[in-house]
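Before any comments, here is the structure.
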Amino acid sequence: MNKDMLNEALEKALTESYEELTGQDIPDYDFSDGFEDKMARLISEQDGNADKKRRRGIILFFAAAAAVAVICAWAAMGSGLRPDRHGDYHDSTIIQETTSADKNETVTATTVTGGEAAVTHTAVTSAEAITQTADKTETTASAAKAPAVTSPSAAGNNSNTNNSNSAATSAAGTANAVTTAAAIRTTSAAQPMRTTSAAQSVRTTTAAQPVRTTSAVPQTFLTTDTQPVVTTTTAIIDERSFEMKKMAAFASALMTAATAVSASASASDGIPRPPYFSNVYYEEHSYDAKCIIKMANGDFDLDLNQDGTFDIFDVYAHYRSVFNAGAFKEMRERVRLNGDYNHDGYIDNYDTQFLVDYYLLYNEIDTQWFDPMYFRSNCPDSYYDLVDEVYSGDERITDYTAYLQELGRDYNEWSDTIYQHQLSSVPLYNSKEMWMVDIDSLHGINHDDIDLDELIKQLSKEQAEKYGPVMLVNKNEGEEYAVETSRDWAFLYDRKAESEQLLLDNAYLFSRLLMDRANAMERSYEFFEKAMDEKIDELDINLDGRFDHEDIAYIFAAQNLDSIMKRPRELRHSEEEWALYNSLDEETKAALGPDFMKEEIFTPDSEDEALYIAMKADGTFDRAIEATKITLFGFYKYDMAFTLDLLRFYTKYNPILPEYKDDAFFDTVREGFSRFGIGGYFKSLDKNGYTEKNYTLYERYYNELVEAIDNGTKSVPEINGDGVVDINDIYDINVFLREKSNSVAREDSILPERVLTNIETNCDFNDDGVSGDIYDMSISNIYLMLYLDKFPNEVHEHYDEYVEQLKAAKTGARQNISYAYASNAAMMSSMNIDRSGDANCDGETDLADAIFIMQSMANPDKYSLTEHGRFNGDVYETGHGITANDALEIQNRLLNK
Amino acid sequence: MKGDESVSAHKNNNDGITFEEMYMKNRNLMMFTAMKILNNFADAEDCVSEAFFRAAKIFPKISRMECPKLTSLLVIIVRNAALDKYRANKRVVAVEAPDEETGTFCTDSYSFDSVQSAIAQLKDEYRDVLTLRFVYGYSVKEITEILNISADNAYKRIQRAKTELGKILENGGENV
């Protein structure tokens, strides 16, 4: 059946269905008043009347407020009004109570682009939200320049982390202000709860699951789309002039208008975004994202345990209810009534996941959550725990880290044994909590032809006795063998599920869910970084007083050696195994393959062994292995996750020099390290030499460069050695970086010799002793763009032409690489560097910029911020994009001049 | 259409139908569809309003649609909303079939009539999602908006619909 026929058949079915429908006797229904009212509002919105009136109203409000302010200011200046005529002049505050048009009314949120369904909200007082924003000026101002980091221990409070933390705190605080408002959720019937047994899979992430690509500019946290009653308190300094007072009044009016604008603006401006939204799993405007946002909007009563607050224990309550994990009836009923977050009519693990994700997105991650003991010790609610009945006293786990590490060791022993018996050549499929061994892949024969059960029993008796059962699967035919409890079977569980106690331990399973979701949303690095910062001294493996590339080399070398030295030295089968094998017919033996009963003695490479012994003797091996356990609650899925996070952490304090990507270089750290492919780890960070998501080092270098230029110790970067700072310097940087990333040899470069020499000798802008590395070129690129008042999209107008000229002038140059201009706008926009506030790019920072921001939010089609304007205007919580708070911040800066 | 004769059918023109016209023309039919499933006036009203809200999200696109197609789309939306409501009310835990590999459709030629007959035997949910996908040409993302289901569910439903259709065809046009 081809697609066209399907289409045609469906069309015809549709037509017939229509004829059938319209041929019926359809009554005239007498709809209820409530329904008619709802529809009337929807009709008026859709047919444009209400929308047009609202927009006109906002713009008029703006214009009126501006006009009043201007008139008053002019009148004051011109009329000689004496301050003491205004009774409250000497008061320290001005209280202005303004209300939106719909104060205290139940309003229906507009139908916004992107498709938010209309919901009913009660008015929420968001004074807290408003005043909180005013308090954030200091945070922003202090973030303008990152502090110089001279040593790892001094860098515990990295400015970037602080900013994101403060943003998270303020955002979370405001989010909580929203979520604790009366939540309106009209459900005509309790939702069915689909309970899940503990063994049923949660939608956990796997290594193969794609990480959603993220925008480099985190979405900003914005005010809600409810119509607030706004009580604005503006602190006024006594000695301010009357004119400034009126300016403050205008700012207040602007703040009110900002609230009104954001309340009625499109989804992208009026709906709260979590601080970490852009980094995560959810695509903007996706259905799943909307479920999360609805939670933030207060659509649900999230205080499931009714202790007056929404916290991690409410999330735990949902989990315990859904997974049939000992939640009592009352709790389950509350979850049933309130816990269908994706509106699919069921309460299930998907809802739990949404709640977990919402909590993780809107809150700073607390590392305690990943220790099951935290829930066992602090949960305010009672749950029935089967695990406490089965395991009591000394049997009960009290140190999960140690317990899981012990299991990990057991797993290694098991895998070694499997290796000995050649089963490691089998693809092992890890599904749910059990290993599945595919019979046909294992043996390549039809399992009906041989008593495989018996064979496996005999071959793996020792492992079976030690490790218990596992599920054996014939993957091709979709069959599963029943899980046997007999320990004669060579079945093995996933290392973490080897322990029945863990399978019953809901605190453990919940912590694991949190970790899985944190990993999925790329939040796990944050607590990794925190934990690493707290124990950074332990990362100084070679005890030279620094955490640097040498320590990284030691860690990776030790990990490699650990694996090498654990390999079994002998691969031999027992007499019984040989007897059974010899009893098989030739055809079966052939099917099993020539290596099935291979035996060998394994001797580690003498150099590896010697290095291992030496590192054990001087303590570096043990320190390196211990260092890898720093953050583990046993939850890292695979070593690579730790590796990448460790490397990312490394770049927080250290550069990646070109030589680090060469394995041979690490023999200079310690003879023999070149064997471990350490250069490859550094290459893996980013082939252009930096991690995309960690601009901390760039910010630091950039701000140091700015400071040096400002105080005269450095001059403005001049890249191409022609004595002139112009756009060609920016072009040359781009060409240079392109050639670097494509490994173009110096002699093949299209850049003139003068340029190459200047880059190699006069471009060490970060004073690290290397001229022209990725850091030098990147920070000078940014500096020059701002210096020349150009933004990436404005720079490359003549770039292609310039490249062609270079190519034409350099005979014999490589022609087969792309020199396409690579915009660093995303990087620039994310970096915490000073912004001018000139949102309209007219060269001045004034009230017009604030107004332009507000206009662009109200009517983005008509008032469109350019990329450059967005960069300039992102003055509040820089790096988080344009919001109404940027307009306010510009105002505050003007007032405080 | 019976029941809405007071509103003359709005002929397609360059401006398309207004929302009010679309509402007046189709509300009774949609109510009728919802009532057939739910047999409860209040619930049916809820579903009709929900359906119009979903239609509002895509109204700019559908306002220029021909009347029969527009009406059919609205019926699809309200029918799915009513089925969701029905399941919720009955606390029915939909037994989702395990993920099946859809494989590929056999390239054997099926007659048009057999395909059409197989479509008629599909349950409404499956037929609706195939119609939205292949007749209306909506993307999965758009289907999630219209049917108010998650992307995952939308994908699964399309896959299962195709699988089910294939099974009916392979069984000689009988839904076993």
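Labels below follow one simple rule: chain letters A, B, ... track the order of the sequence lines, proteins then strands, and each chain is numbered from 1. All values reported here derive from a predicted model rather than from experimental measurement.
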Checklist entry - Given the rule in the side-chain contact (heavy atoms from CB on, under 4.5 Å) test, do N28(B) and F31(A) qualify, once you have shown the distances and angles that lead to the verdict? => result CA-CA 9 Å; N28(B) 285 321; F31(A) 293 99; 3.6 Å; yes
Checklist entry - When heavy-atom pairs shorter than 4.5 Å are enumerated against chain A, which of D84(B), I76(B), I149(B) gives the highest number? => result I149(B)
Checklist entry - Does T18(B) reach the side chain of I43(A), with side-chain heavy atoms less than 4.5 Å apart? => result no
Checklist entry - Should N7(A) and V135(B) count as side-chain neighbours, where that means a heavy-atom distance under 4.5 Å? => result no
Checklist entry - Just wondering, do M39(A) and M24(B) contact through their side chains at under 4.5 Å, heavy atoms? => result no
Checklist entry - Could you state the interatomic distance from CE (M31(B)) to CG (D30(A)), rounded to the nearest 0.5 Å? => result 10.0 Å
Next on the checklist: Need one label for M22(B): side chain, backbone, both or neither, based on atoms under 4.5 Å from any heavy atom in chain A.
Outcome noted: neither
Next on the checklist: So which residue, E11(A), K12(A), K38(A), ends up with the most heavy-atom pairs under 4.5 Å with chain B?
Outcome noted: K12(A)
Item to check | Closest non-hydrogen atom pair, V115(B) against A9(A) | outcome: CG1-CB, 3.5 Å
Next on the checklist: I want to check something: taking the side chain as every heavy atom from C-beta on, are L42(A) and F59(B) in contact at a cut-off of under 4.5 Å?
Outcome noted: no
Item to check | Which atoms of E16(A) approach chain B - backbone, side chain, both or neither, heavy atom under 4.5 Å | outcome: side chain
Checklist entry - Side-chain contact, heavy-atom cut-off 4.5 Å: F35(A) with V48(B)? => result yes
Checklist entry - Going by heavy atoms in the side chains, are E8(A) and F134(B) under 4.5 Å from each other? => result no
Checklist outcome for this item: If you tally heavy-atom pairs under 4.5 Å between each of S17(A), S32(A), A13(A) and chain B, the highest tally belongs to S32(A)
Item to check | Reported CE-to-OH distance for the pair M30(B) and Y29(A), which is rounded to 0.5 angstrom | outcome: 12.5 Å
Checklist entry - How close do F19(B) and D47(A) get, heavy atom to heavy atom, and via which atoms? => result N-OD1, 3.0 Å
Checklist entry - Where do P27(A) and F32(B) come nearest, in terms of heavy atoms and distance? => result CD-CD1, 3.8 Å
Checklist entry - Can you check whether Y136(B) reaches L10(A) side chain to side chain, under 4.5 Å on heavy atoms? => result no
Checklist outcome for this item: Note: S72(B) and L14(A) closest approach over all heavy atoms is CB-CD1, 3.7 Å
